[in-house]
Amino acid sequence: MIPSAEQSDAELIEYLRRNELTALGILFDRYSPQLYRTALAILHDNAAAEDVVQDCFLRLHQYADRIDTDLPLIPWLYRVTVNLSYTWVTRRQKRRVSLEALVDQLMSPPSQSPDQMAEHIDIQQRVREAVATLPMNQRVVIVLHYMNGMNVEEIADITHCPVGTIKSRLYYGREALRHRLGDYAETTGMAHGFAGLTG
Amino acid sequence: MGLQGLPDSDIDALLSASLRKTEDMTPKQQREVRERLLAAAHMPRPHGARPSIVRWMRAAFWLPLARWWYALLFEETRYDRARRLPERALANRWRARFMEGYLVIRPAY
């Protein structure tokens, strides 16, 4: 039998255990968009988010034998994505940015058109930048909670932390964001434009 | 008015709205990553390195070696340690010996 997109995660993992890479492709198509967005929100770097997603599915292939198919797959994938993001951030802190990458960054054209520089886009950009400046522990919790809509129990399961720790990180992360965005809002009057953004 | 006075619900809504608009993977990106992934998954995985002889010996004999060190250090020196002065007395004895031997200028006999 050939694995197909209609089959469940558990069945596809069974195929993967028999080294059917078509199953890996199907799982990738199914889950890579949400994992990519999570990694991008945490890392703030397109190429790194791509690498993290690719590594995540490689781990799935590598450890397919050890995965419990009675449990849902997506928390496992999120856990691996978050752990790989931690690893990536730790390694980035250790190595210096290469000169070529710096030149590419400086020479590349601006990615945003003038229309995208409208106010609400600017606010979202500010929020994402502010999230990117948070400590890694808080950033992961903020992204999983606000972007993926997970509750604290689910985040605690993914990050292997107690629920109280997650609540604390969520609180301090939110307060830090409030503080950082508050400085910006005071200079630009951003707070008056929230209605259009959040509605 | 900044964000300091806003209720939590507004901050929550702002963060959700902003983070949920994080850009998606483009189809081109997804295709490229998928190709890279499948190419990497096709490659044979290297086996773990064979342990060196030193590691193998250590893994095999660490228990008798640890027992031997224990015997050498503690059991074989029990009698001598029992006959020694207590620690606080030893320090004074060594200090006195050092002072006499090296720091006190004595006439050469």
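A quick note: this is a predicted structure, and the numbers were derived from the prediction, not measured. Excluded from the calculations below are hydrogen atoms, water molecules and symmetry mates; all remaining heavy atoms, backbone and side chain alike, are included. Letters A, B, ... are given to chains in the order of the sequence lines, protein chains preceding strands, and every chain is numbered from 1.
- A heavy-atom distance below 4.5 Å is not found between the side chains of A/Gln34 and B/Asp24.
- Atom CG in B/Asp12 sits 6.0 Å away from atom NE2 in A/His145 (nearest 0.5 Å).
- The parts of B/Glu23 that come within reach of chain A are both its backbone and its side chain, each placing non-hydrogen atoms under 4.5 angstrom from that chain.
- B/Leu90 and B/Phe98 sit in two unconnected hydrophobic clusters of ILVMFWY residues. Membership requires side-chain heavy atoms under 4.5 Å apart, directly or through other members.
- Proximity to chain B (any heavy atom under 4.5 Å) is shown, for A/Gln62, by both the backbone and the side chain.
- Under the 4.5 Å side-chain heavy-atom criterion for grouping Ile, Leu, Val, Met, Phe, Trp and Tyr, A/Tyr171 is not connected to B/Ile11 through any hydrophobic cluster.
- For B/Ala41 against A/Leu21, the heavy-atom pair with the smallest separation is CB-CD2, 3.9 Å.
- Grouping the Ile, Leu, Val, Met, Phe, Trp and Tyr side chains by contacts below 4.5 angstrom, directly or via other members, places A/Ile155 apart from A/Leu71.
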Verdict with supporting geometry, A/Ile142 and B/Leu19, side-chain contact (heavy atoms from CB on, under 4.5 Å): CA-CA 9 Å; A/Ile142 290 279; B/Leu19 285 175; 4.0 Å; yes
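- The shortest side-chain heavy-atom distance between B/Arg34 and A/Gln54 does not fall under the 4.5 Å cut-off.
- The OG atom of A/Ser32 lies 5.0 Å from the CE atom of B/Met25; values are rounded to the nearest 0.5 Å.
- Proximity to chain B involves both the backbone and the side chain of A/Asp29, based on heavy atoms less than 4.5 angstrom apart.
- Two residues are said to be in side-chain contact when any heavy atoms from C-beta on lie closer than 4.5 Å; B/Lys21 and A/Arg128 meet this criterion.
- Residues A/Gly149 and B/Arg20 come closest through the heavy atom pair CA-NH2, 3.6 Å.
- Taking a 6.0 Å sphere around CZ of B/Arg81, one finds it holds more than 12 heavy atoms contributed by other residues, nucleotides or ligands.
- Counting non-hydrogen atoms of neighbouring residues, nucleotides and ligands closer than 6.0 angstrom, the CD1 atom of A/Ile2 reaches no more than 12 such neighbours.
- Atom CZ of B/Arg83 sits in a sparse spot, with 12 or fewer heavy atoms from other residues, nucleotides or ligands closer than 6.0 Å.
- Only the side chain of A/Tyr36 comes within less than 4.5 Å of a heavy atom of chain B; its backbone N, CA, C and O stay farther away.
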Could you go through B/Leu14 and A/Leu181, starting from their C-alpha distance and side-chain angles, then the distance that decides it, and tell me whether this counts as side-chain contact (heavy atoms from CB on, under 4.5 Å)? CA-CA 11 Å; B/Leu14 172 67; A/Leu181 292 170; 4.2 Å; yes
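- Counting all heavy atoms, side chain and backbone alike, B/Leu38 lies closest to A/Gly25 at CD2-N, 4.3 Å.
- Linking ILVMFWY residues whenever their side-chain heavy atoms come closer than 4.5 Å, directly or via other members, leaves A/Leu58 and B/Met43 in distinct clusters.
- Other residues, nucleotides and ligands contribute over 12 non-hydrogen atoms within 6.0 Å of the OH atom of A/Tyr86.
- Surrounding CZ of B/Arg36 are more than 12 heavy atoms belonging to other residues, nucleotides or ligands, all under 6.0 Å away.
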